[in-house]
Amino acid sequence: MSKLRVAVIGAKGRIGSEAVRAVEAADDMELVAALGRGDDLEAMTAAGAQVAVELTHPDSVMDNLEFCVRNGIHAVVGTTGWTEDRLARLRSWLDASPSTGVLIAPNFSIGAVLTMTFARQAARFFESVEVVELHHPNKADAPSGTATRTAQLIAAARREAGCPPQPDATTTALDGARGADVDGVPVHSVRLRGLLAHQEVLLGDTGETLTIRHDSLHHSCFMPGILLGARRVPQTPGLTFGLEHFLDLG
Ligand SMILES: NC(=O)C1=CN([C@@H]2O[C@H](COP(=O)(O)OP(=O)(O)OC[C@H]3O[C@@H](n4cnc5c(N)ncnc54)[C@H](O)[C@@H]3O)[C@@H](O)[C@H]2O)C=CC1
Ligand SMILES: O=C(O)C1=N[C@H](C(=O)O)C[C@H](O)C1
């Protein structure tokens, strides 16, 4: 059987360099291009790439994806910074290239995907819920893509269940003390040398709290999700948001 021809964009970065090694080590894949900042995207078409793994920067991802979709190259995207406006632009490119697939995964690690799933399940049973994400200090964006997605899923579950707004008697606060408001869910961002990527979802009600915590300790935790995405995205045209759609979570 022929191997899947994969390109990595952002190949010299923290996660991109790990992805290069993971693709090279996969029996069913061939790494046909490894692009860094300033490299010509045409290298992917010249090499016949079927799937691009995009792991760059929120400022770069849109141009890279526009190129991929216009050229019928499926994409697996880990880069963060997604807004409704950006998603709408991506969908319009995909409408013009209907057989192309793009997976955007706020987080490729199975533990983080499960954290989001469990948080969504628990959200309607507790009066209060807040998200704390903790990352290395070289991270460009805050809150993290994972924390934003987690808060959005929590907020949607609470809306569907008819939950009232959370209790919060704060009338005086320093700017930022209550975190960022993501759809009514406070999200707090810590940046600390020594950390990689960590998240806690704190849920509370009268007389009890529940904490769901996930820790990414090494970039290797993202690799099974990236490889799964690369294998599945060519058979999944259009936009898929979240790796959970490629996992049988029951
Ligand atoms: N979804 C997930 O599971 C994960 C997502 N990420 C996200 O991936 C992105 C990259 O993270 P890191 O590797 O930590 O950052 P990094 O800064 O270590 O690496 C990014 C690399 O992309 C390169 N780059 C920037 N623009 C480019 C362009 N136009 N073409 C080619 N290369 C370009 C940079 O020069 C750099 O080498 C971030 O948005 C981060 O949040 C990171 C880890 C896991
Ligand atoms: O920048 C990172 O490191 C990470 N980014 C993603 C995010 O913003 O959620 C995924 C993971 O947290 C690591």
Side-chain angles (χ1 to χ4, degrees), residues 7-22 33-44 49 52-68 73 75-83 86 102-116 119 131-153 180 182 187-201 213-230 233 240-247:
V8 175
I9 318 177
K12 293 186 179 146
R14 278 177 289 271
I15 182 168
S17 53
E18 190 79 24
V20 163
R21 285 191 287 277
L35 304 186
R37 190 186 281 278
D39 288 347
D40 190 348
L41 296 174
E42 297 285 353
M44 291 191 289
V53 178
E54 214 287 352
L55 303 163
T56 61
H57 189 280
D59 292 344
S60 304
V61 63
M62 294 306 283
D63 287 348
N64 291 338
L65 286 185
E66 185 173 20
F67 178 92
C68 289
I73 300 172
V76 173
V77 184
T79 303
T80 45
W82 290 97
T83 60
R86 284 178 164 223
V102 173
L103 166 69
I104 297 173
N107 204 303
F108 289 111
S109 90
I110 182 69
V113 173
L114 290 174
T115 299
M116 289 186 256
V131 177
V132 184
E133 57 95 340
L134 310 91
H135 279 82
H136 59 89
N138 303 99
K139 185 166 176 55
D141 54 317
S144 70
T146 307
T148 303
R149 183 66 180 153
T150 306
Q152 289 167 341
L153 292 169
V182 179
V187 180
H188 310 269
S189 297
V190 176
R191 297 291 174 265
L192 201 71
R193 185 67 69 206
L195 296 182
L196 199 169
H198 316 258
Q199 178 164 290
E200 283 190 359
V201 181
R213 179 172 174 115
H214 175 253
D215 298 279
S216 286
L217 304 173
H218 190 272
H219 279 95
S220 52
C221 73
F222 304 115
M223 297 308 124
I226 289 178
L227 298 182
L228 173 68
V233 78
T240 303
F241 197 95
L243 187 68
E244 62 274 19
H245 298 289
F246 289 174
L247 298 167

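Not measured: the values here are computed from a predicted model. We number each residue from 1, following the sequence as shown. Each ligand, and each atom within it, is numbered from 1 in the order the structure gives. The figures here come from the full heavy-atom set of this structure, side chains too, leaving out hydrogens, waters and symmetry mates.
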#### Entry: Side-chain touch M116/N107, heavy atoms, less than 4.5 angstrom
yes
### Message
When you measure from the side chain of D63 to the backbone of S60, do you find a donor-acceptor pair of N or O atoms at a distance under 3.5 Å?
### Response
no
### Query
Of H198, H136, H219, R149, which has the heavy atom at the shortest distance from atom 3 (O) of ligand 2?
H136
#### Entry: Nearest neighbour in protein (non-hydrogen) for atom 16 (P) of ligand 1
R14 NH2, 3.6 Å
### Task
Report the nearest protein non-hydrogen atom to atom 10 (C) of ligand 1: residue, atom name, distance rounded to 0.1 Å.
T56 O, 3.1 Å
### Task
Could you tell me whether a side-chain N or O of T79 sits under 3.5 Å from a main-chain N or O of T56, the two making a donor and an acceptor?
yes
### Message
Checking contacts here: is it the side chain or the backbone of S144 that comes within 4.0 Å of ligand 2, counting heavy atoms only? Could be both or neither.
### Response
both
### Query
Taking non-hydrogen atoms only, is P106 closer than 4.0 angstrom to ligand 2 via side chain, backbone, both or neither?
backbone
### Top protein contact for atom 2 (C) of ligand 1, by heavy-atom distance
F108 CD1, 3.5 Å
### Query
Rounded to the nearest 0.5 Å, how far does NE2 of H198 lie from CG of L217?
6.5 Å
### Query
Below 4.5 Å, heavy atoms only, C-beta onward: do N64 and L41 meet side chain to side chain?
yes
### Query
Numbering the atoms of ligand 1 from 1, which are under 4.0 Å from a heavy atom of G13?
13 (O), 18 (O), 19 (O), 21 (C), 37 (O)
### Message
Could you identify the single nearest non-hydrogen protein atom to atom 23 (C) of ligand 1 and state the distance to 0.1 Å?
### Response
G10 CA, 4.0 Å
### Query
Can you check whether P106 reaches W82 side chain to side chain, under 4.5 Å on heavy atoms?
no
### Task
Tell me, please: is G145 in heavy-atom contact with ligand 1, that is, under 4.0 Å?
no
### Task
Quick one: pull up CZ in F67 and CD in E42 and give me the separation to the nearest 0.5 Å.
4.0 Å
### Query
Counting only heavy atoms, which portion of H135 has something under 4.0 Å from ligand 2: side chain, backbone, both, or neither?
side chain
### Query
Which heavy atom of the protein is the closest neighbour of atom 25 (C) of ligand 1, given with residue, atom name and distance?
R37 NH2, 3.4 Å
### Query
Going by heavy atoms in the side chains, are T80 and K139 under 4.5 Å from each other?
yes
### Query
With backbone taken as N, CA, C and O and side chain as the heavy atoms from C-beta onward, which portion of F222 lies under 4.0 Å from ligand 1: side chain, backbone, both, or neither?
side chain
## Note on the structure
Note: T146, heavy atoms under 4.0 Å from ligand 2, region reported as both
### Query
By number and element, which atoms of ligand 2 are closer than 4.0 Å to a non-hydrogen atom of T80?
6 (C), 7 (C), 8 (O)
### Query
Atoms of ligand 1 less than 4.0 Å from I9 heavy atoms?
30 (N), 31 (C)
### Message
Return the closest protein heavy atom for atom 1 (N) of ligand 1 as residue, atom name and distance.
### Response
A105 O, 2.8 Å
### Check against side-chain contact (heavy atoms from CB on, under 4.5 Å), L228 and L243
CA-CA 9 Å; L228 173 68; L243 187 68; 4.3 Å; yes
#### Entry: For A197, atoms of ligand 2 separated by under 4.0 Å from a heavy atom
11 (C), 12 (O), 13 (C)
## Note on the structure
Counting from 1 in the order shown, the ligand 1 atoms closer than 4.0 Å to a non-hydrogen atom of P106 are 1 (N), 2 (C)
### Query
Mind checking whether I9 and C68 have side chains closer than 4.5 Å, heavy atoms only?
yes
### Query
Got V132 and L134 here, is their nearest side-chain heavy-atom distance under 4.5 Å?
yes
### Message
Counting non-hydrogen protein atoms only, what is the nearest one to atom 1 (O) of ligand 2? Give residue, atom name and distance.
### Response
K139 NZ, 2.9 Å
## Note on the structure
For atom 7 (C) of ligand 1, the closest protein heavy atom turns out to be G78 O, 3.4 Å
### Query
Is L247 close to V113 at the side-chain level, that is, under 4.5 Å between some pair of heavy atoms?
yes
### Summary
of all protein heavy atoms, closest to atom 39 (O) of ligand 1 is T80 OG1, 2.8 Å
### Message
If I apply the N/O under 3.5 Å rule, does G145 come out as touching ligand 2?
### Response
yes
## Note on the structure
For K12, the ligand 1 atoms with a heavy-atom partner under 4.0 Å come out as 37 (O)
### Task
Return yes or no for this condition: an N or O of I15 is under 3.5 Å from an N or O of ligand 1.
yes
### Task
Taking the side chain as every heavy atom from C-beta outward, state whether H219 and S17 have any atom pair closer than 4.5 Å.
no
### Query
Can a donor-acceptor pair be found between the side chains of T150 and Q152 at a distance below 3.5 Å?
no
### Message
Quick check on contacts: which atoms of ligand 1 are under 4.0 angstrom from a heavy atom of S60?
### Response
25 (C), 26 (N), 27 (C), 28 (C), 29 (N)
### Query
Any idea which part of N64 is under 4.0 Å from ligand 1, heavy-atom wise: side chain, backbone, both or neither?
side chain
### Task
Go through ligand 2 atom by atom and flag the ones less than 4.0 Å from a non-hydrogen atom of N107.
10 (C), 11 (C), 12 (O)
#### Entry: Ligand-residue contact atoms, ligand 1 with K139, heavy atoms, under 4.0 Å
41 (O)
### Query
Do E133 and H135 have side-chain atoms, one donor and one acceptor, less than 3.5 Å apart?
yes
### Task
Tell me, with the steps shown, if Q199 and T115 meet side-chain contact (heavy atoms from CB on, under 4.5 Å).
CA-CA 9 Å; Q199 178 164 290; T115 299; 4.1 Å; yes
